[in-house]
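These notes are about the structure you will find just below.
Lettering of chains follows the sequences in order, A, B, ..., and the numbering in each one begins at 1. Being a predicted model, the structure only gives us computed values, none of them experimental.
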Amino acid sequence: MARHLITSAIPYINGIKHLGNLVGSQLPADLFARYQRGRGHEVMFLCATDEHGTPAELAAAKAGKPVAEYCAEMHGVQSAIADGFGLSFDHFGRSSSPQNQKLTQHFAGKLFEAGLIEEVVEKQVYSKADGRFLPDRYIEGTCPNCGYEKARGDQCENCTKQLDPTDLIDPRSAISGSTDLEVRETRHLYLRQSQMRDRLEAWIDSKSDWPILTTSIAKKWLNDGDGLQDRGITRDLDWGIPVKRGEEDWPGMEGKVFYVWFDAPIEYIACAAEWAEAHGKPAAAWERWWRTDKGADDVRYTQFMGKDNVPFHTLSFPATILGSGEPWKLVDYIKSFNYLNYDGGQFSTSQGRGVFMDQALDILPADYWRWWLLSHAPESSDAEFTWENFQQSVNKDLADVLGNFVSRVTKFCRSRFSEEVPAGGQTGPREAALIEELTTRIRAYETHMEAMEVRKSAAALRAIWVAGNEYLQEAAPWAIFKTDPDTAAAQIRFSLNLIRLYAVLSAPFIPDAADRLLTALNCDDRDWPEDVPSALSALAPGHGFTVPDVLFAKITDEQREDWQIRFAGVRG
RNA sequence: GGGCCUGUAGCUCAAUUGGUUAGAGCAGAGCGCUCAUAACGCUUUGGUUGGGGGUUCGAGUCCCUCCGGGCCUACCA
């Protein structure tokens with residue numbers, strides 16, 4: 001039995017994520033976790049909310065709540081939605097947890113001891129009206145290059161020129177609009193990533209099987225300009241993990257916190273510690289997943305994320321881990337995704353354009369979304385959601401191919417025999433041929449799932465469903481029944497077993513439907529079909545079942561048109 | 001500006017990494033079936049692989065160039 005540690009990029013706290021965010025990390029991670037569990041392996045699947053940073057503070061202020069309270073609430077909201085989508089996290093943690101605070105400070109201390117922390121005094125823009133330092137992008141002004149009046153301090157959106165905040169003409173706070181700004185000196189800690197450049201490069205080079213998207217982004221950062229740059233890991237904020245080296249105060253760093261991108265990946269580890277505490281387990285229970293000196297040697301660690309997260313997972317976080325000099329588990333495989341666009345443009349959180357996770361669940365069950373998103377996962381390039389494509393794919397694949405197969409088999413059995421698996425008759429060469437085909441297809445499905453080829457896995461699964469319809473058409477039990485009811489009984493017995501097989505195989509993609517099928521079949525045998533013939537004799541003659549309700553109702557044209565209008569514009 | 005990814009049938013995607021005649025699903029057309037959610041099955045139309053040039057016995061795949069789409073460029077996370 002293998003051991004799989006699986007993490008999804010942790011979603012930021014300041015609102016409900018859209019479908020693009022979902023398909024880029026949490027959903028494929030869940031697919032992989034469910035599959036590996038289905039194969040009987042030991043899985044630790046972790047995710048959390050990423051709660052620190054300026055946007056969280058601002059969102060809380062906008063909501064008129066203390067930031068800690070706001071984050072606690074939003075964590076609850078995101079957690080409930082994750083449940084709604086069937087995301088099977090072993091623990092859904094919080095980067096603001098005491099465990100993460102302790103670990104983050106611990107790592108900082110180790111990095112300091114290793115000589116990998118440098119103190120730098122730098123100049124930053126301070127807004128007196130806001131009472132805070134402003135990150136570059138929170139400063140607005142007129143672009144010195146093109147005259148655009150809403151240029152940001154990091155870049156002008158109009159002419160794309162990169163800017164320094166002090167370049168802006170008539171700079172003002174993007175938060176309050178105040179022009180009462182000044183440049184102040186402030187002291188920060190930098191992680192000396194440049195010292196570890198060669199080590200990181202050798203490590204990346206050893207990962208020849210990673211997606212090109214992952215390695216090319218990593219290499220770009222390693223080789224761009226003067227090579228990998230040191231990175232500031234502290235910020236002048238109130239909300240965050242106080243800067244300490246281990247348990248000790250850090251002279252000169254009073255009132256400062258760690259940068260979110262320093263503490264967020266550490267939450268992957270801390271999340272396991274949260275899991276242990278939540279289940280009353282000792283530290284050893286989570287350390288066996290994360291410490292190679294405490295049992296994690298045989299763990300295979302896979303991360304899932306959108307491409308915007310790749311630099312932090314290929315470079316910053318490994319630099320933290322390697323730099324600590326301690327035997328923490330490094331990631332073995334990074335699966336990264338491109339973006340999902342919405343009907344000709346980007347999903348937009350600010351403009352409310354596209355479908356957000358809560359809205360998606362309001363209009364359709366999770367399985368519809370899971371199936372479409374995963375079967376169209378943006379693996380090789382950006383992908384696009386359109387309502388026409390969604391309607392067509394879901395109706396065809398889920399309602400017609402799979403749902404109708406279940407319907408025709410169970411209803412035929414009920415009307416010609418009873419709601420019991422019929423006895424009598426024998427299967428023959430036709431069934432043997434199907435078993436052979438299914439065996440080949442199931443092994444292909446497994447290969448794609450192991451490789452995290454999400455779209456190919458979906459296509460392979462669909463082909464397995466199709467094989468059932470082809471078989472039925474050829475066997476034609478409705479015709480055979482008239483002259484040879486025993487043979488028809490054997491064919492239907494075989495077909496009912498196919499339904500169970502489909503439920504087990506499909507569970508990683510459409511877990512709710514799989515549950516409903518197994519419930520209807522009155523069966524809790526979820527064993528993976530290592531051996532297809534025996535898997536297809538699990539339901540014995542006389543076994544009672546009920547004809548399930550329509551598994552997937554079709555999306556009507558009216559619904560589709562309604563949703564197209566509803567989600568085109570501003571949310572609310 | 002620089003770097004990277006991408007362009008294959010009306011649509012969504014494959015193509016064992018340079019190897020026979022570029023394949024699937026959907027959509028379209030025809031036929032069959034009547035168990036089933038107007039579902040299912042079979043057959044079939046559809047391509048100068050974005051354009052042009054080159055290397056090679058052989059190019060969707062490698063090189064050059066042009067065109068289109070996208071991402072990143074280190075203080076959003």
So what does [X] hit on the nucleic acid, given a heavy-atom distance under 4.0 Å: a base, only sugar-phosphate, or nothing?
| X | result |
| --- | --- |
| A:Lys411 | sugar-phosphate |
| A:Lys456 | sugar-phosphate |
| A:Val310 | nothing |
| A:Gly227 | base |
| A:Pro477 | nothing |
| A:Arg462 | sugar-phosphate |
| A:Ile492 | nothing |
| A:Phe312 | base |
| A:Phe405 | nothing |
| A:Asp382 | sugar-phosphate |
| A:Lys307 | sugar-phosphate |
| A:Glu122 | base |
| A:Gln229 | base |
| A:Thr54 | sugar-phosphate |

Check your understanding: Is the distance between the ring centroids of A:Phe317 and A:Phe262 under 6.0 Å?
Key ->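 No, the ring centres sit 6.0 Å or more apart.
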**Study point:** Ring centroid separation A:Phe92 to A:His75 under 6.0 Å
**Key:**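 Yes, the ring centres sit under 6.0 Å apart.
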**Study point:** Full working for ring pair (Phe, Tyr, Trp, His ring centres under 6.0 Å) between A:Trp371 and A:Phe552
**Key:** CA-CA 12 Å; A:Trp371 175 254; A:Phe552 293 101; 9.1 Å; no
**Study point:** Aromatic-base stack, A:Phe412 on B:C35, cutoff 5.5 Å, angle under 30
**Key:**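 One would not call A:Phe412 stacked on the B:C35 base.
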Check your understanding: 5'-most contact on RNA chain B: A:Leu402 or A:Glu470, nearest heavy atom basis?
Key ->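 Comparing both residues, the 5'-ward one is A:Leu402.
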Check your understanding: At what distance, to the nearest 0.5 angstrom, does CZ of A:Arg192 lie from CG of A:Leu189?
Key ->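 Answer for the CZ-CG pair, A:Arg192 versus A:Leu189, is 12.5 Å.
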Write down the distance separating the [atom1] atoms in [N] and [M], rounded off to the nearest Å.
| N | M | atom1 | value |
| --- | --- | --- | --- |
| B:C13 | B:G47 | C1' | 15 Å |
| B:U48 | B:G41 | P | 30 Å |
| B:A22 | B:U45 | P | 14 Å |
| B:G3 | B:U21 | P | 37 Å |

Look at [X] and [N] and indicate whether a side-chain polar atom (N or O) is within less than 4.0 Å of OP1 or OP2.
| X | N | answer |
| --- | --- | --- |
| A:Arg137 | B:C76 | yes |
| A:Tyr339 | B:C72 | yes |
| A:Ser380 | B:A14 | yes |
| A:Tyr259 | B:A77 | yes |

Check your understanding: So, are A:Asp236 and A:Arg184 salt-bridged, with charged N and O less than 4.0 Å apart?
Key ->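 Judged by the 4.0 Å cut-off on N to carboxylate O distance, A:Asp236 and A:Arg184 do not form a salt bridge.
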Report yes or no: is there a donor-acceptor pair, N or O only, under 3.5 Å between the side chain of [X] and the base of [N]?
| X | N | result |
| --- | --- | --- |
| A:Trp221 | B:A74 | no |
| A:Asn404 | B:A36 | yes |
| A:Gln124 | B:C75 | yes |

Check your understanding: Does B:U73 fall in syn (glycosidic angle within 90° of 0) or anti?
Key ->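 Because its glycosidic torsion lies more than 90° from 0, B:U73 adopts the anti conformation.
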Point to revise | Whole-Å gap separating C1' (B:A38) and CG (A:Asp557) | key: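 Between C1' of B:A38 and CG of A:Asp557: 13 Å.
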Exercise for review: Measure from CZ on A:Arg414 to C1' on B:A36 and round the result to the nearest Å.
Suggested key: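 So the two atoms are 12 Å apart, to the nearest Å.
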Exercise for review: Find out whether the Lys NZ or Arg CZ of A:Lys307 is both under 6.0 angstrom from the six-membered ring centre of A:Tyr339 and within 45° of the ring's axis.
Suggested key: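 Yes, a cation-pi geometry holds between A:Lys307 and A:Tyr339.
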Practice item. With A:Lys335 as the cation and A:Phe337 as the aromatic partner, state whether NZ or CZ is under 6.0 Å from the six-membered ring centre and within 45° of the axis. Key: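 Yes, A:Lys335 sits over the ring of A:Phe337.
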